[in-house]
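Both ligands and their constituent atoms are indexed starting at 1 by order of listing. What you see below is based on every heavy atom in this structure, not just the backbone, and it leaves out hydrogens, waters and symmetry mates.
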Amino acid sequence: MQTHFSAAQLAQADIEESNRILRKCVHCGFCNATCPTFLLIGDELDGPRGRIYLIKDMIENDRPATEKVVRHIDRCLSCLACMTTCPSGVHYMHLIDHGRRHIEKTYRRPLADRMLRDFFAWVMPDPARFRRMMALARLAKPLASLLPGRLGAMGRLTPGKLPAPGVTETPRVFPAEGRRQKRVALLAGCVQQALDPAINDATVRLLTRHGCEVTVSAGAGCCGSLTHHLGRDALAFARANVDAWMGELDRGGLDAVIVNASGCGTTVKDYGFMLREDPAYAAKAAKIASLARDVSEFMAALGLKAPANPPGMRVAYHSACSLQHGQRIHAQPKQLLAQAGFEVLDVPEGHICCGSAGTYNMLQPALAETLRARKVKAIESVKPQAIAAGNIGCIAQIASGTGIPVLHTVELLDWATGGPKPAALA
Ligand code: SF4
Ligand code: SF4
């Protein structure tokens with residue numbers, strides 16, 4: 001694609017990067033074929049190629065975002081299926097991130113939209129605050145089916161029961177069982193800790209059982225991805241995590257930074273890019289990004305113990321977009337589940353998003369619920385006894401549309417190798 005940025009524009013790092021991305025696009029439109037919003041809406045501007053043109057026009061002409069541009073960009077899930085499909089290597093993720101920042105700078109959203117986005121950016125990165133808000137939201141849950149639009153979606157996604165805090169709520173070190181083979185830092189995260197602390201508990205048991213010392217570091221917290229995808233500055237989150245994990249590197253060395261929510265993993269792996277312009281952090285952030293591993297990626301490389309109790313259960317594996325498209329990890333979780341004694345079922349249309357996408361299912365409830373219904377239908381067609389996924393957003397989204405238990409992959413691996421039976425299967 002031809003671009004016409006001025007020399008002054010190209011002196012800005014964001015624009016220089018977007019120019020490089022845009023010039024790779026050859027307009028072929030292959031990406032539209034796997035785009036969930038293009039599939040549902042059928043409008044060129046609701047597919048990746050159309051959004052690329054909208055972003056190009058906006059930033060090349062230094063135009064403020066219009067209502068029309070915002071509508072089409074907001075409908076993008078950032079599922080990154082288009083990146084997997086693109087034959088030219090267009091880095092859509094960095095381009096849409098730039099587009100969202102431009103929108104945030106130049107467009108004044110309607111008051112209700114602004115307030116909701118401010119609320120998400122304030123509540124979600126803090127597990128204690130998020131837990132308090134969920135306690136309040138539970139009171140409105142019985143009315144969820146009567147509430148319209150975004151309010152109804154939030155009510156439906158609020159869990160019926162609030163779990164007690166898990167073992168990673170405060171910083172600590174979990175010693176390896178037997179001889180220590182690895183030392184890893186676990187990103188305890190934010191929303192996941194409050195919604196389903198059993199995932200971190202199972203992750204710690206699985207890793208320590210496999211000879212890893214696991215540290216939950218003081219100062220590490222939300223990865224910043226929820227804020228980042230709202231188009232806001234998430235660099236303070238990234239810097240705090242980089243500082244915390246560099247401290248671990250200096251103290252006892254670190255073999256990996258383990259992330260068990262793939263939406264977060266995609267962001268942590270991008271820290272080097274996000275902080276590339278900060279001379280004090282660029283090198284450290286690149287180092288941390290190079291250590292980041294999804295828990296399934298790490299366990300596949302480490303090797304899973306033979307299952308203590310092969311469960312022989314039929315498990316449908318839902319491949320979270322952030323894992324399969326964002327991190328290109330697809331085979332490892334399925335291989336681990338099969339090694340652990342589960343019968344792993346592929347889900348038809350596995351490349352299509354479930355509609356979760358961070359805060360998308362609350363900001364775009366109609367599209368998100370259509371995608372969820374499509375995903376649940378595809379999953380139920382293979383008649384599983386349980387559903388496994390590697391991202392808390394997908395787990396909550398799919399669980400709100402089916403009676404089949406939905407678990408994190410690590411909960412099943414932990415159970416098979418000697419951990420307790422997950423509560424969701426009780
Ligand atoms: S990220 Fe997903 S929703 Fe957005 S343009 Fe790409 S394929 Fe479509
Ligand atoms: S597939 Fe890639 S090159 Fe083709 S239109 Fe989409 S982004 Fe551009």
Side-chain angles (χ1 to χ4, degrees), residues 1-3 17-60 65 68-103 225-226 228-231 262-263 265-267 269-270 318-328 330 349-375 391 393-394 397:
M1 178 181 289
Q2 281 195 344
T3 57
E17 178 63 22
S18 291
N19 179 51
R20 208 184 351 246
I21 296 168
L22 288 165
R23 282 179 166 259
K24 281 193 170 176
C25 177
V26 295
H27 328 254
C28 63
F30 287 174
C31 49
N32 281 354
T34 55
C35 171
T37 54
F38 183 76
L39 197 70
L40 293 185
I41 304 168
D43 182 336
E44 170 74 13
L45 296 181
D46 283 310
R49 185 173 57 181
R51 293 186 178 116
I52 287 169
Y53 276 102
L54 291 176
I55 296 169
K56 174 182 185 287
D57 179 60
M58 197 167 57
I59 58 176
E60 197 171 54
K68 178 182 162 186
V69 171
V70 173
R71 182 167 13 107
H72 294 294
I73 300 292
D74 277 359
R75 284 183 190 151
C76 172
L77 294 136
S78 279
C79 69
L80 309 182
C82 47
M83 277 179 64
T84 299
T85 312
C86 176
S88 303
V90 171
H91 204 305
Y92 179 84
M93 181 175 97
H94 287 159
L95 188 67
I96 189 131
D97 286 348
H98 185 187
R100 290 201 169 113
R101 283 195 297 278
H102 187 84
I103 288 173
S225 87
L226 290 167
H228 186 61
H229 290 138
L230 289 169
S262 57
T266 306
T267 299
K269 288 182 176 181
D270 205 38
H318 164 71
S319 199
C321 295
S322 41
L323 205 48
Q324 62 166 321
H325 303 305
Q327 300 180 50
R328 304 291 164 99
H330 185 58
E349 286 193 343
H351 61 286
I352 300 275
C353 181
C354 66
S356 164
T359 54
Y360 189 95
N361 49 5
M362 292 172 281
L363 291 168
Q364 299 282 340
L367 284 170
E369 285 178 15
T370 306
L371 286 169
R372 185 189 63 191
R374 189 174 177 133
K375 181 61 69 183
N391 191 46
C394 309
Q397 170 81 348

Notebook entry, point to check: Which ligand 1 atoms does L80 reach within 4.0 Å, using its non-hydrogen atoms?
Noted result: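 Heavy-atom distances to L80 below 4.0 Å select 1 (S), 2 (Fe).
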Table please: side-chain donor-acceptor pairs of residues 72-86 below 3.5 Å, with sequence neighbours left out.
unit_1 : atom_1 : unit_2 : atom_2 : d
H72    : ND1    : D46    : OD1    : 3.0
H72    : ND1    : D46    : OD2    : 3.3
D74    : OD1    : R109   : NH2    : 3.1
D74    : OD2    : R109   : NH1    : 2.7
R75    : NH1    : D46    : OD1    : 3.4
R75    : NH1    : D46    : OD2    : 2.7
S78    : OG     : R100   : NH1    : 2.6
T84    : OG1    : H325   : ND1    : 2.6
T85    : OG1    : T34    : OG1    : 2.6
T85    : OG1    : A81    : O      : 2.9

Quick one: does any side-chain atom of [X] pair with a main-chain N or O of [Y] as donor and acceptor, under 3.5 Å?
X	Y	answer
N32	G47	no
Q364	E369	no
H229	S225	yes
K375	G355	no
Q327	S262	yes
Q324	G350	yes

Checklist line | Closest protein heavy atom to atom 8 (Fe) of ligand 2, given as residue, atom name and distance to 0.1 Å | finding: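 Going atom by atom, the protein heavy atom closest to atom 8 (Fe) of ligand 2 ends up being C25 SG, 2.4 Å.
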Check: Among protein heavy atoms, which lies nearest atom 5 (S) of ligand 2, and at what distance?
Finding: G29 N, 3.2 Å
Using a 4.0 Å cut-off to any heavy atom of [X], which atoms of ligand 2 qualify?
X	answer
S88	3 (S)
P87	1 (S)
C28	1 (S), 3 (S), 4 (Fe), 5 (S)
V26	3 (S), 8 (Fe)

For ligand 2, indicate whether the residue [X] contacts it via side chain, backbone, both or neither (heavy-atom separation under 4.0 Å).
X	answer
M1	neither
I52	side chain
V90	side chain

Item checked: Side-chain heavy-atom pair N391, H318 within 4.5 angstrom cut-off -> no
Check: Does the side chain of P87 reach to within under 4.5 Å of the side chain of C28, using non-hydrogen atoms?
Finding: yes
Next item on the list: Could I get the full list of side-chain hydrogen bond (donor to acceptor under 3.5 Å, both in side chains) partners for S319, not counting sequence neighbours?
Entry: H330
Notebook entry, point to check: Going by the ring pair (Phe, Tyr, Trp, His ring centres under 6.0 Å) test, which pairs reach into residues 23-54, not counting sequence neighbours?
Noted result: H27-Y53
Notebook entry, point to check: Can you tell me if R51 and T37 form a side-chain donor-acceptor pair at under 3.5 Å?
Noted result: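 Yes, because at least one side-chain N or O of R51 sits under 3.5 Å from a partner of the opposite role on T37.
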Notebook entry, point to check: Does ligand 2 have an atom that lies less than 4.0 angstrom from a heavy atom of T85?
Noted result: no
Check: What are the protein N, O or S atoms, given as residue plus atom name, that sit under 2.8 Å from atom 8 (Fe) of ligand 1?
Finding: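 Near atom 8 (Fe) of ligand 1, the protein supplies C35 SG.
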Item checked: Option of least heavy-atom distance to atom 2 (Fe) of ligand 2 (set: A33, G50, C86) ->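 The option holding the nearest heavy atom is C86.
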